[in-house]
Amino acid sequence: MFLLSCHVGNMTAQSRHTAKAMTEVAILQMWKAGGTVSQEAVEEYGLEKCFTAMPVPDAVWAGMQGKTYRENPYIGRDDLRLLRVLHWDYDQKVHLGEMVCNRRIAKQLTEIFRVLYDNHYPIQRMVLPDVYDADDERQMRDNNTSCFCFRGISGGKKLSKHALGLAVDLNPLYNPYYKKQKNGQLYVQPGNAAEYCNRSKDFPYKIDDKDLAYKLFTEAGFTWGGRWKTVKDFQHFEWDKHF
């Protein structure tokens with residue numbers, strides 16, 4: 001009688017576990033960026049389905065208007081792709097990520113994020129900048145990893161590589177942009193990241209030339225802003241090769 005009771009109890013727990021996994025599979029099917037799922041749900045759904053590049057769907061495109069996208073002569077909808085990838089964070093949970101990029105680097109980015117996922121590389125957040133109304137300061141303060149946003153370079157009128165979907169900012173709060181101004185003071189973006197300008201210190205999400213993301217991006221043909229001379233942009237990887 002006792003053995004039967006234990007068996008029924010185990011089956012009930014297993015049923016609850018299966019039901020939870022199936023619910024998370026539905027979350028994966030709907031793909032709400034910023035959500036989390038279990039590894040069991042990923043296995044049930046299929047890992048390969050979780051690293052995709054697709055034409056920008058109507059709903060996403062509508063949400064980009066007047067935010068990350070404005071009418072321009074340089075890049076249009078057909079030039080862009082929506083990436084959906086998984087990523088880990090220090091909470092040891094599987095997170096759903098989303099990113100719009102140039103179609104020409106979609107394959108490279110999908111492959112890079114797959115390797116980062118396989119190695120449990122921590123990325124805190126990866127939702128579209130439109131969630132922040134394309135306010136770069138806001139999304140950097142929130143440590144959001146992103147790519148496409150039609151905007152100029154920091155402090156200038158020239159188009160950023162982000163405006164063409166050819167640059168990725170990775171864990172930006174902990175890997176800030178900064179430059180020394182004429183008055184000797186540092187200009188830092190995001191504004192709450194001054195403490196992370198000291199790259200001799202150890203802290204979470206830090207990118208340096210020993211970092212896995214640095215290795216993958218540079219081997220794939222991207223330039224790292226952490227190596228720039230006049231400014232430092234430790235979050236920034238940009239594609240500067242000809243197609």
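- Of the charged side-chain nitrogens involved, none lies within less than 4.0 Å of a carboxylate oxygen, so that Asp233 and Lys179 do not count as a salt-bridged pair.
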- Message: Tyr117 vs Leu47, test: side-chain contact (heavy atoms from CB on, under 4.5 Å). Steps then yes/no.
- Response: CA-CA 11 Å; Tyr117 173 81; Leu47 183 59; 3.7 Å; yes

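- Leu28 and Ile123 fall within the same hydrophobic cluster, where Ile, Leu, Val, Met, Phe, Trp and Tyr residues are linked whenever their side-chain heavy atoms come under 4.5 Å apart, directly or through other members.
- When all heavy atoms of Cys50 and Val42 are compared, the closest pair comes out as SG-CG1, 4.3 Å.
- Asn171 places a side-chain N or O within donor-acceptor distance of the main-chain N or O of Gln124, the cut-off being under 3.5 Å.
- Closest approach of Ala106 to Cys101, counting heavy atoms only: CA-SG, 3.7 Å.
- Taking hydrophobic clusters as Ile, Leu, Val, Met, Phe, Trp and Tyr residues chained together by side-chain heavy-atom distances below 4.5 Å, Met99 shares a cluster with Leu166.
- By the rule that hydrophobic residues join a cluster once side-chain heavy atoms approach within less than 4.5 Å of another member, Tyr214 and Tyr174 end up as members of separate clusters.
- Heavy atoms of other residues, nucleotides or ligands lying less than 6.0 angstrom from CZ of Phe203 number more than 12.
- Residues Gln39 and Val94 form a side-chain contact, since some pair of their non-hydrogen atoms from C-beta on lies under 4.5 Å apart.
- The two residues Thr68 and Ala134 come nearest to each other via the heavy atoms N-CB, 3.7 Å.
- No side-chain donor-acceptor contact under 3.5 Å links Asn102 to the backbone of Leu80.
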- Query: Run the ring pair (Phe, Tyr, Trp, His ring centres under 6.0 Å) check on Phe217 and Phe237 step by step: do they pass?
  - Reply: CA-CA 7 Å; Phe217 274 99; Phe237 294 96; 4.5 Å; yes

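- Nearest approach of Tyr132 to Leu128, heavy atoms of both residues: CD1-O, 4.2 Å.
- Between Glu48 and Arg114 there is a salt bridge, with a side-chain nitrogen of the basic residue lying less than 4.0 Å from a carboxylate oxygen of the acidic one.
- Residues Arg103 and Asp79 form a side-chain contact, since some pair of their non-hydrogen atoms from C-beta on lies under 4.5 Å apart.
- In the hydrophobic clustering of ILVMFWY residues, with side-chain heavy atoms under 4.5 Å counting as a link, Met140 and Val168 come out apart.
- In this model, a donor atom of one side chain and an acceptor atom of the other lie less than 3.5 Å apart for Gln189 and Tyr187.
- For Asp78, there are no salt bridge (Lys or Arg N to Asp or Glu O under 4.0 Å) partners two or more places apart in sequence or in a different chain.
- A donor-acceptor contact shorter than 3.5 Å links the side chain of Lys232 to the backbone of Trp228.
- With contacts defined as side-chain heavy-atom distances shorter than 4.5 Å, the pair Trp224/Ile207 qualifies.
- A centroid separation of 6.0 Å or more is found between the aromatic rings of Trp88 and Tyr121.
- Within the 4.5 Å cutoff, no side-chain heavy atoms of Lys180 are placed close to those of Gln185.
- A donor-acceptor contact under 3.5 angstrom links the side chains of Glu24 and Ser38, judged on distance only.
- When only modelled atom types and interatomic distance are considered, Asp136 and His162 share no side-chain donor-acceptor pair under 3.5 Å.
- Residues Phe234 and Leu170 have side chains not in contact (no heavy-atom distance under 4.5 Å, counting atoms from C-beta outward).
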- Query: Checking side-chain contact (heavy atoms from CB on, under 4.5 Å) for the pair Trp239/Thr223: CA distance, chi angles, key distance, verdict?
  - Reply: CA-CA 6 Å; Trp239 181 269; Thr223 298; over 6 Å; no

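- Here the side chain of Arg81 pairs no donor or acceptor atom with the backbone of Val56 at under 3.5 angstrom.
- Salt bridge annotation for Asp211-Lys206: absent, with no cationic side-chain nitrogen under 4.0 angstrom from a carboxylate oxygen.
- Annotation: Tyr205 is in aromatic contact with Tyr90 [ring centroid separation under 6.0 Å].
- Residues Pro176 and Cys197 are in side-chain contact: their nearest non-hydrogen atoms beyond the backbone lie under 4.5 Å apart.
- Between Asp133 and Arg138, at least one side-chain N (NZ, or NE/NH1/NH2) sits under 4.0 Å from a carboxylate O, which counts as a salt bridge.
- Within the 3.5 Å criterion, the main-chain N or O of Phe51 finds no donor-acceptor partner in the side chain of Thr110.
- At least one side-chain heavy atom of Arg84 sits less than 4.5 Å from a side-chain heavy atom of Met54.
- Taking each heavy atom of Gly97 and Ala33 in turn, the nearest pair found is C-CB, 4.4 Å.
- At a threshold of 4.5 Å between non-hydrogen side-chain atoms, the residues Asp240 and Lys161 count as touching.
- Under the 3.5 Å distance criterion, the side-chain polar atoms of Asn198 are matched with a main-chain donor or acceptor of Ser200.
- In this structure a side-chain-to-backbone donor-acceptor pair under 3.5 Å is present from Gln65 to Trp61.
- Looking at Arg199 and Asp208, no side-chain N of the basic residue comes within less than 4.0 Å of a carboxylate O on the acidic one, giving no salt bridge.
- Counting only distance, with no hydrogens or angles, the side chain of Asp130 and the backbone of Lys67 share no donor-acceptor pair below 3.5 Å.
- Here the closest heavy-atom approach between residue Ile112 and residue Ala220 is recorded as CD1-CB, 4.0 Å.
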- Message: Gln92 vs His120, test: side-chain contact (heavy atoms from CB on, under 4.5 Å). Steps then yes/no.
- Response: CA-CA 8 Å; Gln92 296 304 308; His120 285 229; 3.8 Å; yes

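- In terms of modelled atom types and a separation under 3.5 Å, the side chain of Glu98 and the main chain of Leu83 share no donor-acceptor contact.
- No donor-acceptor pair closer than 3.5 Å links the side chain of His95 to the backbone N or O of His87.
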- Task: May I have the step-by-step check of side-chain hydrogen bond (donor to acceptor under 3.5 Å, both in side chains) for Asn144 and Gln139, ending in yes or no?
- Result: CA-CA 5 Å; Asn144 186 57; Gln139 73 160 341; 2.8 Å; yes

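- A single hydrophobic cluster is not seen to contain both Leu173 and Tyr177; linkage of ILVMFWY side chains at heavy-atom distances under 4.5 Å, directly or through other members, places them apart.
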